[in-house]
Each structure stands twice: as C-alpha cells, then as structure tokens.
Engineer: 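There's a structure below that I have some questions on.
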Amino acid sequence: MSNSFATIQSIAASTFRSTRDNNTTVEKDENGRLILAGDAFEEASYPKYLPTWDTTEHYEQLTLFEFVDPGTRANPAFPNLLSNSNESLKVKRLTPKFGTEVRGVQLSQLSDAGKDELALLVAQRGVVVFRDQDLADLPIEDALKFSSHFGRNHIHPTSGAPKGFPEVHLVYRSKNDSLYDSFFQEHISSIAWHSDVTYELQPPGTTFLGMLDGPETGGDTIFADTVEAYNRLSPKFREILSGLEVLHSGVAQAHSSRAQGGIVRRDPVENFHPLIRQHPVTKQKALYVNPQFSRYIKGLKREESDAMLNFIYDFISKSADIQVRASWEPKTVVVWDNRRTLHSALLDWASGERRHAFRLTPQAERPTEDWDEAKKKAEEESN
Ligand SMILES: O=C(O)CCC(=O)C(=O)O
Ligand SMILES: [Fe+2]
C-alpha cells in the first residue's frame, strides 16, 4: 500500500488523519464519539455536517439486496428533469461525450419520474454538475431519503459522518490545515484515481457530492470516462481483457484508519469483480479497475497482473482527452456514476481555506460483464 493511499484517502475517504495532522484536533465527547475540537463548529457554514467518528459503532456485514436501476424506468426525452417549459434551464455539455453542467433544476424538488431521468442522464453523461442546490439545507434525513431513490445508502466503514447519520460520508479539510505542505514534501502529485468503495459486493452507482464550504479557487474534482477508455482499446485487446476478474480489497483502508486512530465500523471485505463492467441501463461497457482498491487479476502471475493493471491506470490517467474537471461553487452538487467513471480529489490550494463536502452513496447492482450472457447462464442453470 503506497503512502499516497493513506494520505490522499485521508482527504478523500477517511478525513481522519488530515484532521489530526494539522491545527484542528479531535476530542472525545461524553458518548465516546470523536469530534472536531476548537472553533470548527462555530465557523462552518453547515455545522450539522461536521464529521464525527463514533468509536462505539459496529455494523454486521452488508447483505445482498435486490437492485433495479431507476434509469431503466426513465423517459429518455427527460420531460421531468430537463423540461422545455423550464425557462431558467441551462444545460452545457462540458466535453462532447462526458460531463454536463445543469443550471435551473432543483434536485430536491424532483418527482420520482424526474429522479429516474436523473439516473439515466448521469449514466449517459458519466458526471453531471448541478449548481445552486438546496440539498444541504434540508434536514439530513430528507437528503438521505432523496438518495435512497437511487439505491440503498451505503455506510462507509471508516469515514467521518455527521453525528447520528453514518450513511453520510464526509470530505473535510479544516481551516489553516498544513497538509498541503507536508504532503508535497513527500509527493509530486495529489492525484489518486479511484471509484468509491469498489470492494463491496454491490458497489455504488449514482453518487452525490455536495459542497458545503470550499476554497474560492482550487479543490476541483477530476473525472475520467472509463467507457471511452474501454472503447479506445483495440477489439483484440478487449478480447484479452474479457472474462478477467479483479480482486477489490477494503483491508488496507481499514488498517490505515486503525493505524491513524480512526474507526472501522464494519470488518473489511474483499470481492472479485469483472474487469469489464456493463452498465445495466445504457448497456455500455467500461473498464472497472482502480488503483486504490484493485489488487490483482485472478489467474495471472503477480508481474503479469501488475503490468496489465498499470497499463490501464497509466493510459487513463494521462488521457486528458477522456477527462473532465468539475469546479465547485457554493451549493454545487456533482452527481457521477461510479460504475463508469474514476475520479480524484485535487490538493492544490495552500490558502488555508476550509473544504467541507458531503457524499450520499447509494449502492447499485453486483457488477456484471455482460447482461445477456449472465441471463443465458442463469436460465441454463435453472433448467
Ligand atoms: O473531495 C473530492 O473532491 C472528492 C472526494 C471523493 O473522492 C469522494 O467523495 O468520493
Ligand atoms: Fe471518491
């Protein structure tokens, strides 16, 4: 496990170390919860979303649940999401194939049909940036009810969460944080491409990240299109990858959290997933591997597996022509499909401004390489 994992995941996933490394400290409240100490609560725009780490929490392993993607029910003309009669609607495609920015739509006001269309739009465009959202102003229960339309809300094994709401994953870097300096003493780049919690048997699909406080400039999030990455490969190379399975592991993340004095809410799991994943709604195929949680390709020798995975990581990370950068404004909510994108936080602001965001992470289906094949196989087995 590289250092970059431990440090960057503390920004992107656990946030524990970053709050310990710098001027803000944590303390225990009367119930044994770790909370931010000092002036964090007074100064944050959304104190109800500040991270806590409940050391007394422990959850059993996740169980399988049936998942039908809401995008399968959507009207592809998007009448409930991108209505022609909405005069304030502005839709801008950020690149031809990947990424869209929408103004004039309030996510919290969508009907169920509108939410179905949102799932379809995000599946098609990979990442959609919504401006001027009020999701953070709702009670946290209501935000979670909203995201539960897209799947079962995931409880992260290690990250900070608002008190009483373990289903909310928080990204937090405090004011006057010194991580920028300490990180770049040891590293050249802060990029840590990943898809979220892919070690789960049913990893997330449609995923929401809402900005609560952020630097005036900096702290963008970068996304890569893994459908286009797959399509760029030659048919011969795609054939070589077809049928391969990759181990995704949550063990190192749990160890790293424990080592930093953080929490582990649920014992870590490891699961094999197909290296090529077909989207249940668009039927597009995508490369489904990521440098943070993928460990090796089943059946290959270690050097063979490393060479194959590193080739994929390398060409995706340097292909700026399949990437998009989402910039944040106050009240921006970015929605991405974790099944067909990779993303990375960026650590590029040394101004000492707080960055605080909340993520709602509905889980989706168990990854499958080919839905027709899977159906055929299931029918043969039942005969
Ligand atoms: O902070 C960010 O820009 C992204 C963090 C992240 O990786 C996530 O919330 O999944
Ligand atoms: Fe992430």
Side-chain angles (χ1 to χ4, degrees), residues 4-19 46 49 51 99 122 126-130 135-136 143 147 150 153-162 166-174 177 179-180 183 189-200 203-215 217-224 226 248 250 253 256-257 288-294 316-317 323-330 332-349 353-364:
S4 120
F5 175 83
T7 315
I8 281 298
Q9 285 301 301
S10 73
I11 309 167
S14 151
T15 76
F16 196 77
R17 181 156 154 200
S18 62
T19 59
Y46 290 87
Y49 272 111
V122 175
V127 51
V128 185
V129 178
F130 288 91
L135 208 51
S147 58
F150 302 87
N153 283 315
H154 179 253
I155 295 182
H156 197 279
T158 61
S159 66
E167 303 88 349
V168 179
H169 162 100
L170 293 170
V171 173
Y172 187 79
R173 190 176 150 207
S174 47
D177 177 278
L179 184 65
Y180 182 93
F183 182 82
S189 169
S190 65
I191 299 297
W193 288 110
H194 66 282
S195 172
D196 297 317
V197 298
T198 57
Y199 43 77
E200 302 292 8
T206 316
T207 305
F208 301 80
L209 187 65
M211 194 52 64
L212 301 165
D213 278 314
T217 179
D220 293 353
T221 308
I222 190 165
F223 291 86
T226 52
H248 294 250
Q253 185 182 61
S256 147
S257 181
Y288 194 63
V289 284
N290 83 74
Q292 301 302 331
F293 303 123
S294 301
I316 292 177
S317 64
Q323 298 171 11
V324 80
R325 243 171 112 131
S327 66
W328 297 94
E329 292 170 5
T332 296
V333 172
V334 175
V335 194
W336 68 91
D337 192 324
N338 257 314
R339 294 167 290 194
R340 55 144 306 175
T341 54
L342 292 175
H343 62 275
S344 174
L346 260 66
L347 178 56
D348 63 349
W349 76 107
E353 288 158 286
R354 180 198 315 268
R355 187 168 182 277
H356 184 198
F358 70 105
R359 193 181 80 200
L360 308 172
T361 317
Q363 290 179 257

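Nothing fancy with the numbering, it's 1 onward along the sequence. The structure displayed is predicted, hence computed values, not measured ones. Counting convention: from 1, in listed order, for ligands and their atoms alike.
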Engineer: For ligand 1, which atoms, with element, lie under 4.0 Å from some heavy atom of Asp196?
Structural biologist: 10 (O)

Engineer: Taking His343 for its side chain and Ala224 for its backbone only, find out whether a donor-acceptor pair lies under 3.5 Å.
Structural biologist: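 It does not hold such a pair.
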
Engineer: Quick one: does Ser190's side chain have a donor or acceptor within less than 3.5 Å of a partner on Leu346's backbone?
Structural biologist: no

Engineer: With backbone taken as N, CA, C and O and side chain as the heavy atoms from C-beta onward, which portion of Thr207 lies under 4.0 Å from ligand 1: side chain, backbone, both, or neither?
Structural biologist: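 It is neither part, as no heavy atom is under 4.0 Å.
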
Engineer: Less than 3.5 Å apart, any donor N or O on the side chain of Asn290 or Thr198 sitting next to an acceptor on the other?
Structural biologist: yes

Engineer: Please work out the angle at the Fe ion (ligand 2) defined by atom NE2 of His343 on one side and atom NE2 of His194 on the other, rounded to 10°.
Structural biologist: 90°

Engineer: Taking atom types as modelled, find out whether Asn153 and Ser147 have a side-chain donor-acceptor pair closer than 3.5 angstrom.
Structural biologist: yes

Engineer: Does any N or O of ligand 1 fall below 3.5 Å from an N or O anywhere on Asp220, backbone included?
Structural biologist: no

Engineer: Has His156 got a side-chain atom pairing as donor or acceptor with Val197's backbone, closer than 3.5 angstrom?
Structural biologist: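 No, the answer is negative, given that no donor and acceptor are paired below the 3.5 Å cut-off.
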
Engineer: Would you mind naming the N, O or S atom of Asp196 nearest to the Fe ion (ligand 2)?
Structural biologist: OD1

Engineer: Are the side chain of Ser195 and the backbone of Asn338 linked by a donor-acceptor contact shorter than 3.5 Å?
Structural biologist: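 Judged by distance alone, yes, a pair lies under 3.5 Å.
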
Engineer: With atoms numbered from 1 as shown, which atoms in ligand 1 lie under 4.0 angstrom from a non-hydrogen atom of His194?
Structural biologist: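 Near His194, meaning under 4.0 Å from one of its heavy atoms, ligand 1 has 7 (O).
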
Engineer: Run the numbers for me: atoms of ligand 1, each under 4.0 Å from some heavy atom of Thr221, listed by number.
Structural biologist: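 Near Thr221, the atoms of ligand 1 are 2 (C), 3 (O).
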
Engineer: Has Trp336 got any heavy atom lying under 4.0 angstrom from an atom of ligand 1?
Structural biologist: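 Within the 4.0 Å threshold, so yes.
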
Engineer: Which bit of Phe208 gets closer than 4.0 Å to ligand 1, counting heavy atoms only: side chain, backbone, both or neither?
Structural biologist: neither

Engineer: Please name all residues satisfying side chain to side chain contact (heavy atoms under 4.5 Å, CB included) with Ala357, sequence neighbours left out, ordered by chain then number.
Structural biologist: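 Result, side chain to side chain contact (heavy atoms under 4.5 Å, CB included) vs Ala357: Val171, Leu209, Met211.
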
Engineer: In ligand 1, which numbered atoms sit nearer than 4.0 Å to a non-hydrogen atom of Val171?
Structural biologist: 1 (O), 5 (C), 9 (O)

